[in-house]
Amino acid sequence: MDQRRAEPNRSTGSSPVSLYGEFTVNGNRKVRCTVSLTERDLVVQRPTLTPVGRNKAMLSLKDCVGCRAYREDDNDPAAYLSVYFYPLKRRWMSSGLSRQRSEYCFRLAALQDPRANLEEAEKWARAVRERSARQQYLRDGLFMNMLSRPCRMMLLVNPQSGKGQALTLYNNHIQRMLNEAGIPHTLVITELAEPRPRAGEGETDLSQWDALVIMSGDGLLFEVINGLLERPDWEEAIRIPLGILPGGSGNALAASIHHYAGASPVSSEELLISCGFLLCKGLVSHMDLVSIHVSSSPRLFSFLSLAWGFVADVDIESEKYRHVGAARFTVGTLVRLASLRVYKGKLAYLPAAEEGLGNKVTQQCSNQASSQGPVSLLRRPSRDSPCQNTFHNSCHSNNSFKVRRTEGTPSLSATKALTGPPNTLLLPLDQPLPSDWVVVQEEDFVLVLAMYQSHLAEDLLAAPDATLDDGVIHLFYVRAGISRTSLLKLFLAMEKGAHLATNCQHLVHTKVRALRLEPHSPKGIITVDGEVVEYGPVQAEVHRGLARLITG
């Protein structure tokens, strides 16, 4: 029989013990261990003859996503305590660290009364969860908001994104992680279909959700954000915390969130597990959004980037290589380099306050040579809606139903009343620029790229000093005259965020609050968050901290 005792004065390391007990390891009742809970760690020690240190595990509560107490069999009086960790560990056969799952399960059978054993296990589970949550409130000296618990979460999965593996990845990783964290969620499967309907027709009551989470590429989140800001109650709607799980081929925002957490670069499933871990921790940060204006359509809201020229061409032309996942951008880059283009146009911007008028940071260069899409999903479906229960997640994901997703550029009504925050820096596109704007003298470009997050793709650290709510647009442009070799070196350096140190005289980087681009080339592509928008004059203004993002 297990012996348990309280030792409030016992200590492990520098943190005093709040709970202490002796248990057996589930699966081998002959193996006993002592467990101590401090403010920062769960300490597991096996009283064996092995040297001190090898039989002791210090499990940081910062890496804990959840803990639960339960009984397995009515004929067994024992209770069980399972604790779930995702610590950073060395990768197998490669350098760097990635989060890897570890489960610790303990058996409690000190008493004959099954209820007493379960109550003891539940006391431990509550204490572990509470202390784990305390580790998250303070980051970099700032207190963070946290999702309410229990959290009612809508999880949208696009099964066609990336390599078409998003649903499999959900089943293999995310479903289990959310269960371990005790987060109930409603799974929504999106599909491609006809253009989305107009806003304002029977919006969904968002008060039933504490968070909306997207498991797809960046395009699905783009639609959701614009759907929220089209609503008459947009001020309340945009306050709902949003989450992103990488399930597409770009996954730029997911990579940015991972980067902001201070973790080593990872990709593919390792990035998914990292973002799933951060989602389970439930910390909420503010995120900038940028309002985008084109000539004949209402404004859009962007969370990632505005691109014209080389980057936009690669993004769209590489769609044919989507089956290779994130490698599509590498293939597209090589193809576009083979026939490098020059784009004519006029670029102007309002410098950020700390930059000062005309103070551009120029890098000197040495090498010369959803039917029902996600937007309509946020509205109440009619009785004739094709939504149905297509599959059931037995672990907290209830009421799963299938909806369709819009393909291509959103078709917005130009006569719809403008919703969202008002602009304060932009004039109509047909009016002259204010006098405090800077006009770029060059009119021949290889690319123009406006970034508001750190990553342009999983492996492209385009704006290494960007943060979620710095209130600025990181504007990059490359002037004509750069060689193919130099441009390739620039993008290779961007994988580690080193492109600003390549001394490239054709690359210009500056921080701005607003910008205007007027293409003069008759044909071309402009993308917003990877989505094609109307080709022609476009301008943008940043709105600081408008959205809320789950960042862990």
Side-chain angles (χ1 to χ4, degrees), residues 152-158 160-161 185-245 247-248 253 287-294 297-304 370-382 385-387 401-421 527-534 543 546-550:
R152 302 163 299 170
M153 182 180 292
M154 178 191 286
L155 177 59
L156 288 80
V157 176
N158 176 12
Q160 305 302 322
S161 62
H185 59 286
T186 296
L187 180 67
V188 178
I189 305 171
T190 70
E191 285 187 345
L192 298 174
E194 65 269 12
R196 66 190 186 186
R198 292 179 300 167
E201 299 177 359
E203 285 83 358
T204 296
D205 178 12
L206 293 177
S207 64
Q208 62 183 305
W209 307 110
D210 298 309
L212 299 176
V213 178
I214 312 302
M215 185 169 176
S216 180
D218 297 310
L220 186 54
L221 181 60
F222 171 78
E223 293 193 41
V224 168
I225 286 175
N226 280 279
L228 294 173
L229 285 165
E230 287 178 24
R231 295 168 57 106
D233 61 343
W234 66 267
E235 290 181 273
E236 292 299 322
I238 199 61
R239 292 177 182 271
I240 187 168
L242 303 171
I244 186 73
L245 295 170
L253 183 59
M287 179 176 68
D288 295 341
L289 294 180
V290 172
S291 59
I292 306 290
H293 293 249
V294 293
S297 298
R299 63 179 176 170
L300 299 171
F301 285 88
S302 167
F303 65 89
L304 180 62
S370 16
S371 71
Q372 287 212 22
V375 175
S376 60
L377 168 68
L378 303 179
R379 307 187 182 97
R380 298 186 183 93
S382 67
S385 170
C387 296
F401 48 93
K402 181 176 291 188
V403 297
R404 299 175 182 173
R405 177 170 178 250
T406 305
E407 184 173 19
T409 307
S411 57
L412 300 176
S413 172
T415 60
K416 180 175 64 65
L418 194 66
T419 59
T527 61
V528 173
D529 297 353
E531 302 290 326
V532 178
V533 299
E534 176 187 352
H543 295 268
L546 180 59
R548 287 160 175 76
L549 189 70
I550 304 169

Quiz prompt | Reported CG-to-CZ distance for the pair Asn226 and Arg299, which is rounded to 0.5 angstrom | solution = 10.5 Å
Practice problem: Please tell me if the side chains of Glu223 and Thr190 come closer than 4.5 Å, counting only heavy atoms from C-beta onward. | Solution: no
Practice problem: Determine whether Asp218 and Leu253 make a side-chain contact, defined as any pair of heavy atoms from C-beta on separated by less than 4.5 Å. | Solution: yes
Quiz item: CG/Asp210 to CZ/Arg152 distance, rounded to the nearest 0.5 angstrom?
Solution: 4.0 Å
Quiz item: When you look at Val224 and Ile214, which way does the side chain to side chain contact (heavy atoms under 4.5 Å, CB included) test go after all the steps?
Solution: CA-CA 9 Å; Val224 168; Ile214 312 302; 3.6 Å; yes
Quiz item: Checking Ser161 side chain against Gly247 main chain: does a donor-acceptor pair fall under 3.5 Å?
Solution: yes
Self-check item: CA sep, side-chain torsions, deciding dist, call: Arg231, Leu206, side chain to side chain contact (heavy atoms under 4.5 Å, CB included)
Solution: CA-CA 11 Å; Arg231 295 168 57 106; Leu206 293 177; 3.8 Å; yes
Quiz prompt | Side-chain heavy atoms of Leu304 within contact of Phe222, under 4.5 Å | solution = no
Quiz item: Closest heavy-atom contact between Thr419 and Glu230?
Solution: OG1-CA, 3.4 Å
Self-check item: Heavy-atom closest pair, residues Ser291 and Phe301
Solution: CB-CE2, 3.7 Å
Quiz item: Can you name the closest pair of heavy atoms from Ala211 and Ile550 and give their distance?
Solution: CB-CD1, 3.9 Å
Practice problem: State, yes or no, whether a side-chain contact exists between Met215 and Val213 at a heavy-atom distance under 4.5 Å. | Solution: no
Exercise. Answer whether the closest heavy-atom distance between the side chains of Leu242 and Leu228 falls below 4.5 Å.
Key: yes
Quiz item: Of all heavy-atom pairs between Pro421 and His543, which one has the smallest distance, and what is that distance?
Solution: CG-ND1, 3.7 Å
Practice problem: Mind listing the closest non-hydrogen atom pair of Phe303 and Met287 along with its distance? | Solution: CB-CE, 4.0 Å
Quiz item: Looking at Asn158, Leu221, Ile244, which hits side chain to side chain contact (heavy atoms under 4.5 Å, CB included) with Ser216?
Solution: Asn158
Quiz item: Taking side chain as C-beta onward, heavy atoms only, is Leu289 less than 4.5 Å from Ile238?
Solution: yes
Quiz item: With a 4.5 Å limit on heavy-atom distance, are the side chains of Leu245 and Leu155 in contact?
Solution: yes
